[in-house]
2 protein chains.
Amino acid sequence: MDNLKNKDYTIDNEQLARFAKAMGHPARITILNFLASMDSCYFGDIHNELPIAKATVSQHLKELKDAGLIQGEIETPKVKYCINRDNWEKAQVYFETFFTDCKPKTTCCN
Amino acid sequence: MDNLKNKDYTIDNEQLARFAKAMGHPARITILNFLASMDSCYFGDIHNELPIAKATVSQHLKELKDAGLIQGEIETPKVKYCINRDNWEKAQVYFETFFTDCKPKTTCCN
DNA sequence: TTCGTAGTTCGCAAAATTACGAACATTAAT
DNA sequence: ATTAATGTTCGTAATTTTGCGAACTACGAA
């Protein structure tokens with residue numbers, strides 16, 4: 001008696017939304033830009049680029065890590081952060097596919 | 001005596017984050033996918049694709065509209081929604097540029 | 001005029017996000 | 001054993017997001 005229409009979101013849409021959400025804050029975009037442009041990417045360097053408290057920076061880094069876009073490793077006494085290449089490319093493909101496949105039809109409003 | 005370091009985010013980073021944030025929910029990704037694939041795109045059709053109440057759908061549509069990714073026009077008694085082509089392409093370029101320019105260096109951790 | 005259709009807006013609640021300072025953990029140097 | 005340096009975690013507060021049902025608006029048809 002499953003009356004409910006099965007209307008869950010697809011895995012792909014969930015994943016793309018997760019990547020997008022992680023990128024949905026200027027501080028996190030700035031972090032990603034910075035990380036991608038740097039060889040050494042310590043917490044302190046990142047903090048220095050941003051107009052926010054270190055606790056907040058730490059939180060943003062955690063979100064990017066949870067989304068899989070970056071990774072961190074301890075390099076005592078510092079913490080070195082980097083882009084996670086595999087997921088970075090995965091994200092790139094997700095966005096590319098999204099924008100490529102989703103060409104608005106010529107018959108649509110505009 | 002402006003002691004504050006000027007550490008605001010760039011316009012571009014703000015804009016990319018705004019697009020990303022708008023895409024940061026599976027319902028909104030689903031909506032964008034659907035709109036891009038359809039010729040006719042009425043509110044009711046969109047609502048039908050989603051597992052959420054119409055009030056919530058309306059809210060998501062408003063957010064996409066505020067971000068500039070879609071537009072709506074009244075076609076009494078319905079409302080026809082569409083991708084906003086100009087901003088759609090703009091968003092595409094933003095994401096492309098982001099992922100292209102931000103290639104992680106080979107000297108980085110992974 | 002009354003009714004039905006199609007959406008939006010309102011009011012509310014629950015949860016998540018953003019932000020901060022203070023406290024804490026870890027390790028190295030004195 | 002202290003102290004300093006580097007980040008993380010905790011506790012808290014303010015705001016935003018997500019979601020719903022109910023009420024509302026606008027319009028056309030009966």
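Values reported hereafter were calculated over all heavy atoms of this structure, with side chains retained and with hydrogens, waters and symmetry mates removed. First the proteins, then the strands, lettered A, B, ... as listed; each starts at 1.
For B/L50 and D/dT18, the CG to P distance is 13 Å, given to the nearest whole Å. Computed from coordinates, the A/H47 NE2 to D/dT6 P distance equals 12 Å when rounded to whole Å. Put simply, CG on B/L61 is 14 Å from C1' on D/dT18, counting in whole angstrom units. The separation between B/E63 atom CD and C/dA16 atom P is 16 Å, rounded to whole Å. Rounded to whole Å, the distance from CG on B/N48 to P on C/dT5 is 15 Å. Atom C1' of nucleotide C/dT18 and atom CD of B/E14 are separated by 14 Å, given to the nearest angstrom. Atoms NZ (A/K78) and C1' (C/dA28) sit 13 Å apart, rounded to a whole Å. As rounded to whole Å, 13 Å separates atom P of C/dG7 from atom CD1 of B/I31.
Linking Ile, Leu, Val, Met, Phe, Trp and Tyr whenever their side-chain heavy atoms come within less than 4.5 Å puts A/L61 and A/I52 in one cluster.
When distances are taken from the side chain of A/H25 to each of C/dA19, D/dG7, D/dT17, the shortest belongs to C/dA19. Relative to the side chain of A/R28, the nucleotides C/dA16, C/dT18, D/dG7 differ in distance, and C/dT18 lies closest. With C/dG7, D/dG7, C/dT18 as the candidates, the nucleotide lying closest to the side chain of A/F43 is D/dG7.
Each of A/K21 and A/Y42 lies near DNA chain D, and the nucleotide nearest A/Y42 is the one positioned closer to the 5' end.
Residues A/N33 and B/F98 are in side-chain contact: their nearest non-hydrogen atoms beyond the backbone lie under 4.5 Å apart.
The side chain of B/K62 places no N or O atom within less than 4.0 Å of a non-bridging phosphate oxygen (OP1 or OP2) of C/dG7. Between D/dT17 and B/H60, no contact under 4.0 Å exists linking OP1 or OP2 to a side-chain N or O. OP1 or OP2 of C/dT8 lies within a sub-4.0 Å distance of a side-chain N or O belonging to B/Y81.
Across all their heavy atoms, A/A91 and A/L69 have their closest contact at CB-CD2, 4.0 Å. The minimum heavy-atom distance between B/G68 and B/N84, with the atom names listed, is O-CB, 3.2 Å. Minimum heavy-atom separation, B/Y9 to B/E14: CB-OE2, 3.8 Å.
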Could you go step by step and tell me if A/F34 and A/D45 meet the side chain to side chain contact (heavy atoms under 4.5 Å, CB included) rule? CA-CA 9 Å; A/F34 185 70; A/D45 303 324; 3.9 Å; yes
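From A/L16, atom CG reaches atom CG of B/L32 across 9.0 Å, with rounding to the nearest 0.5 Å.
The aromatic rings of A/F95 and A/F99 lie parallel to each other, with less than 30° between the two planes, well short of the 60° mark.
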I'd like a table of atom pairs between the protein and nucleotides 25-30 of chain D - only N or O on both sides, under 3.5 Å - with the distance next to each one.
none

Every protein N/O within reach of nucleotides 20-25 of chain C N/O, cut-off under 3.5 Å:
residue, atom, partner, partner atom, Å
C/dC20, OP2, A/A53, N, 2.7
C/dC20, OP2, A/T56, OG1, 3.1

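Between B/K90 and B/D86 there is no salt bridge, since no side-chain N of the basic residue sits under 4.0 Å from a carboxylate O of the acidic one.
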With a 3.5 Å cut-off and sequence neighbours excluded, list the donor-acceptor pairs that the side chains of residues 18-31 of chain B form with protein atoms.
residue, atom, partner, partner atom, Å
B/H25, ND1, B/A27, N, 2.9
B/R28, NE, B/A22, O, 2.7
B/R28, NH1, B/H60, ND1, 3.0
B/R28, NH1, B/E63, OE1, 3.3
B/R28, NH2, B/K21, O, 3.3
B/T30, OG1, A/N13, ND2, 3.3
B/T30, OG1, B/P26, O, 2.7

